[in-house]
Amino acid sequence: MSTVRCRIAPSPSGFLHIGTAKMALFNWLFARSQGGTFVLRLEDTDAERTEEEYVAAMCEGFKWLGIDWDEGPPFGDEPEKGALGPYRQSQRRDQHHAEGMRLVAEDKAYRCFCSKEELDADRAQADAEKRPFRYSGRCRNLTPEEIAAKGEASFVVRFRVPEGETVVEDLVQGPVKFNNKEFDDFIILKPNGDPIFHLAVVADDGLMKITHVVRGDDHLTNTPRHIMLFNALGYALPTFAHLPMVLDEAGKKFSKRMHGANVLDWRDEGYLPETLINYVVMLGWTSEEEGREFFTLEELRHLFSINRLNKSAARFDRKKLDWLNGQHIRMLTPENLRDRVLPIIAAKGIDTSGKSPEWLTQMASICQEKIPTLNNIVDYIDFFFSEVESYDPKAENKYFRQAESAAWLEADLRMMSAADAWTHDALKAAFEKEVEATGVKLGSLVNAARLALTGKPVGPGLFELAELLGKETAVARIARALEHVKTLS
RNA sequence: GUCCCUAUCGUCUAGCCCGGCCUAGGACACCGCCCUUUCACGGCGGCGACACGGGUUCGAAUCCCGUUGGGGACGCCA
C-alpha cells in the first residue's frame, strides 16, 4: 500500500513565482486530499543563482500563502523535517555523482571526451543545415583501450538513450508518445562531477520515493528523458501530471521581471493570502459543484480532485482578482480586518496608539464593505488622525459653492451641536427630521457634512464616521467649513 | 526549423470522456435600470463565444482528420 508522496522543487532564484505557487498549491492539495506527504526540496545546484536570502524569500512566500510542507529543509527556526533528506539538492552532490557513475559501470551511460569547441562546431553545422542539433555519438562506442588512452583527460558523462519510444502516461494530458530519436545522448554529469538537472531531479525523486510528479507542462518534453533515467537507475516510476502554466494579462509566459510575478507583490499591495489561493486555484481547476468559486484552503483539501484540472493555460486577470479580494475582505470578522489593516496604516505614518481596540475595530468595520484591497483603507480613514487641510476641488464645487451651501452647513452645525446622543442612530434621526421639516435633500446635508469632516467626496457612511470622529471634532470641522464657504461666495 | 501540449463570450470557465436535455449555463469586466447620504455593496436586465475547413452520423460544442492561432521544449541552466 503506497501512500502518495509529491513535492515542489523550486530553484531559489529570488522569490516565489506565481507559477511556482500554482504548482506548489496543486501538489499540496493533491497530497492533502490523498492523506499523502508533501515535500519541499530546494534545487539549489546552480551555485551562482543561489543566495541564502533567496531561499528565505521563497519560503516566506509559501508561509504567507499558508502552504506548509511535511518534509523539507531547515527554514528560520524550523529544523529539517523528514527522513529522506537532505532536502537541498546542493547537499546531495556526492549521491548524484555516485548514481551517475553507477550508470557508467552498468554501461547505461558513458564517458564523453568531446570538447566544448567540437560540440559548438557541430551545433553551428546543424544550424547551417537547418536541422535540430543532436549529439553525434562520437564517444558512444569508445573501447576500454581508447578510454584508457585518454588518461586524465576531462570528460562528461552522457546517458545512452535506448532506441524505441517512450510514452508518458500523464494524469492530465493523457498518454503522450515520444520517439527516442528526438533525444540525443544527453549529459548527466559535468566535467567537475556535478549532476545536470535531469539526473539530479530523477535521483532526488527516486531516492525520496516520490510517487506523483505534478509540475508545469513546460516539463512535458523533459519527461521522456526522466522516464528513461528512472528505468535505468532502477527506481519506481512515479506518475506524472503536467499542469498548464499561468500566463500574464497579455497571454504570455509570466515573466520573472514583471510586477506580480512575485506572490509577495500581492501581499504588499493589500491582497489577502486567502484571495491568492482562491484565485490561483480557479485558474487551474473547477469544483464538482458547478458555479462555486469561493474556496478556502481548508475546504479545498477536501474538495480537490485531480480529474477536474484544466488542460489549457489561463491568463491572470487583475480585475477578477480585485473583485475576489473584496469578497474575501467582507468575509473577515471586523477584528480580523482590523488586525490586518493596522500595520498598513502604521506604515503610512499614521499613529493609532491613542485609540482603543474597540474604536479601531469600528473603524475597520465601517470600511469593510468598501475597500477592494487592504491598502485602500488608508484613504478612507486618514481624516480621523489629522486635520482636514483642503477640500476635494470637484466636491467643493458641488457642495460648497452652491447658493444653499452655507445653509446646509448651518443646518448640519445646528443639528450636530444640538445632538443629545452622539450615535449613528441619533444623528440619522436628526437629519431625517430636518429633511422632513424643511424639504432640503438629505444628500445635500450629508455630502456637505462629509466634505467638511473628511475633505473628500467618498468614504464611509457619514453617520458612522461622525460617531467615531466624536462630537467635538465634528462640530469644529463643520464650523470651520462654514467659515470657509463664506469666503468662497 | 524539429518535437510536444492546447483551442467555448474581452477574461476565467460549465458542458466534451458516455453525441440529441445547448435557441451553449455561470463568474469577472463593460453598459443600462433600481436601491441609496457619496463611493462601494446589493438586486434586476443587456452586450457577448463553440477558431476555420472537411468528414462520421438521422443528429456534433461534444467523435475523426487537416489548417490556423496560442503556449512550451530542444544547454556542460533549473
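Numbers restart at 1 for each chain; the letters A, B, ... are given by sequence-line order, proteins then strands.
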Quick check: are there more than 12 heavy atoms from other residues, nucleotides or ligands sitting under 6.0 Å from NZ of A:Lys108? yes
Identified pairing partner of B:G1, criterion: Watson-Crick or G-U wobble below 3.5 Å: B:C74
May I ask you to check whether over 12 heavy atoms, not counting those of A:Lys456, lie within 6.0 Å of atom NZ? yes
With rounding to whole Å, what would you report as the distance between B:C22 and B:G15 at their C1' atoms? 8 Å
Complement of B:C47, any strand, by Watson-Crick or G-U distances under 3.5 angstrom: none
Which part of the nucleic acid, if any, lies within contact of A:Gly443, taking any heavy atom under 4.0 Å across all strands shown: a base, the sugar-phosphate backbone alone, or nothing? sugar-phosphate
Look through every strand shown and name the nucleotide pairing with B:C22 as Watson-Crick or G-U wobble, where both distances are under 3.5 Å. none
A:Met282 CE to B:A14 P: how many Å, rounded? 13 Å
Assert: residue with more 5' nearest nucleotide on RNA chain B, out of A:Tyr399 and A:Val172, is A:Val172
Would you please indicate if the ring centroids of A:Phe183 and A:Phe159 are separated by under 6.0 Å? no
Taking the C1' atom of each, how far is B:C4 from B:C18, in whole Å? 28 Å
Map A:Glu369 and A:Val176 onto RNA chain B by nearest heavy atom, then report which one ends up closer to the 5' terminus. A:Val176
With both distances kept under 3.5 Å, what pairs with B:U56, Watson-Crick or G-U wobble? none
Does a distance-only test, which skips hydrogens and angles, find a donor-acceptor pair under 3.5 Å between the side chain of A:Lys370 and the base of B:C39? yes
Stepwise salt bridge (Lys or Arg N to Asp or Glu O under 4.0 Å) test for A:Arg140 and A:Asp185: CA-CA 8 Å; A:Arg140 196 172 218 248; A:Asp185 287 349; 2.6 Å; yes
Give me the distance, rounded to whole Å, that separates B:A51 from B:G69 when you measure between the C1' atoms they each carry. 7 Å
d(CD, A:Glu288; C1', B:G15) in whole Å: 13 Å
Determine, step by step, whether A:Glu293 and A:Lys320 satisfy the salt bridge (Lys or Arg N to Asp or Glu O under 4.0 Å) criterion, reporting the C-alpha distance in whole Å, the side-chain angles of both residues, the deciding distance to 0.1 Å, and the verdict. CA-CA 11 Å; A:Glu293 43 189 4; A:Lys320 185 141 190 177; 3.5 Å; yes
Distance in angstrom units between A:Trp285 CH2 and B:A27 C1', rounded: 15 Å
Thinking salt bridges, do A:Arg123 and A:Glu118 make one under a 4.0 Å N-O criterion? no
For A:Lys398 and B:U37, what is the distance between atoms NZ and P respectively, to the nearest whole Å? 14 Å
Expressed as a whole number of Å, how far does the C1' atom of B:U23 sit from that of B:C50? 14 Å
Under 4.0 Å between a side-chain N or O of A:Asn310 and OP1 or OP2 of B:A14? yes
Is the ring pair A:Trp323/A:Phe294 parallel, tilted or perpendicular, if the boundaries are 30 and 60 degrees? tilted
Calculate the interatomic distance between A:Leu324 atom CG and B:U11 atom P; express it in whole Å. 19 Å
From the options B:U37, B:C12, B:G25, select the nucleotide whose nearest atom is closest to the side chain of A:Glu290. B:G25
Looking across every strand, which nucleic acid part, if any, lies under 4.0 Å from A:Phe463 by heavy atom: base, sugar-phosphate, or nothing? base
Regarding A:Lys428 and A:Glu432, does a basic nitrogen lie under 4.0 Å from an acidic carboxylate oxygen? yes
Does the side chain of A:Gln327 get closer than 4.0 angstrom to OP1 or OP2 of B:G42 through an N or O atom? yes
Mind checking the P distance from B:G42 to B:A60? Whole angstroms is fine. 41 Å
Sugar-phosphate means primed atoms, P, OP1 and OP2; the rest is base. With that split, encode nucleotides 60-76 of chain B 5' to 3' as B, S or - using protein heavy atoms under 4.0 Å. -----------SBSSSB
For A:Arg318, report the nucleic acid contact type (base, sugar-phosphate, nothing); a contact means any heavy atom under 4.0 Å. nothing
Do A:Phe316 and A:Tyr279 have ring centres separated by under 6.0 Å? yes
Pick the C1' atom in B:A49 and in B:C3, then give their distance to the nearest Å. 31 Å
What is the separation between atom CG on A:Asn307 and atom P on B:A14, rounded to the nearest whole Å? 12 Å
Paired nucleotide for B:C28 [Watson-Crick or G-U wobble; both distances under 3.5 Å]: B:G10
Find the distance A:Phe294:CZ to B:C12:C1' and express it as a whole number of Å. 14 Å
For the pair made of CD1 in A:Ile366 and C1' in B:U37, what is the distance, rounded to whole Å? 14 Å
Quiz item: A:Arg315 side-chain donor-acceptor pair to B:U11 base, under 3.5 Å: no
Under 4.0 angstrom between A:Gln89 side-chain N/O and B:A78 OP1 or OP2: no
If pairing requires Watson-Crick or G-U wobble contacts with both distances under 3.5 Å, which nucleotide is the partner of B:C35? none
Under-3.5 Å donor-acceptor pair between A:Lys181 side chain and B:U2 base: no
How far, in whole Å, is B:G53 from B:A14 if one measures between their C1' atoms? 27 Å
Ion pair present between A:Arg318 and A:Asp322, side-chain N to carboxylate O less than 4.0 angstrom? yes
Test log, rule ring-ring contact (aromatic ring centres under 6.0 Å, His included), inputs A:His226 and A:His198: CA-CA 6 Å; A:His226 296 173; A:His198 301 298; 5.1 Å; yes
Would you tabulate the pairs of protein nitrogen or oxygen atoms and nucleotide nitrogen or oxygen atoms of nucleotides 29-32 of chain B closer than 3.5 angstrom?
none

Looking only at atom P, what distance separates B:G48 and B:U56, rounded to whole Å? 34 Å
What's A:Pro372 touching, base or sugar-phosphate or nothing? Going by heavy atoms closer than 4.0 Å. nothing
Plane angle bin for A:Tyr391 and A:His484 - parallel if under 30°, tilted between 30 and 60°, otherwise perpendicular: tilted
Using a cut-off of 6.0 Å, state whether more than 12 heavy atoms not belonging to A:Glu436 lie near its atom CD. no
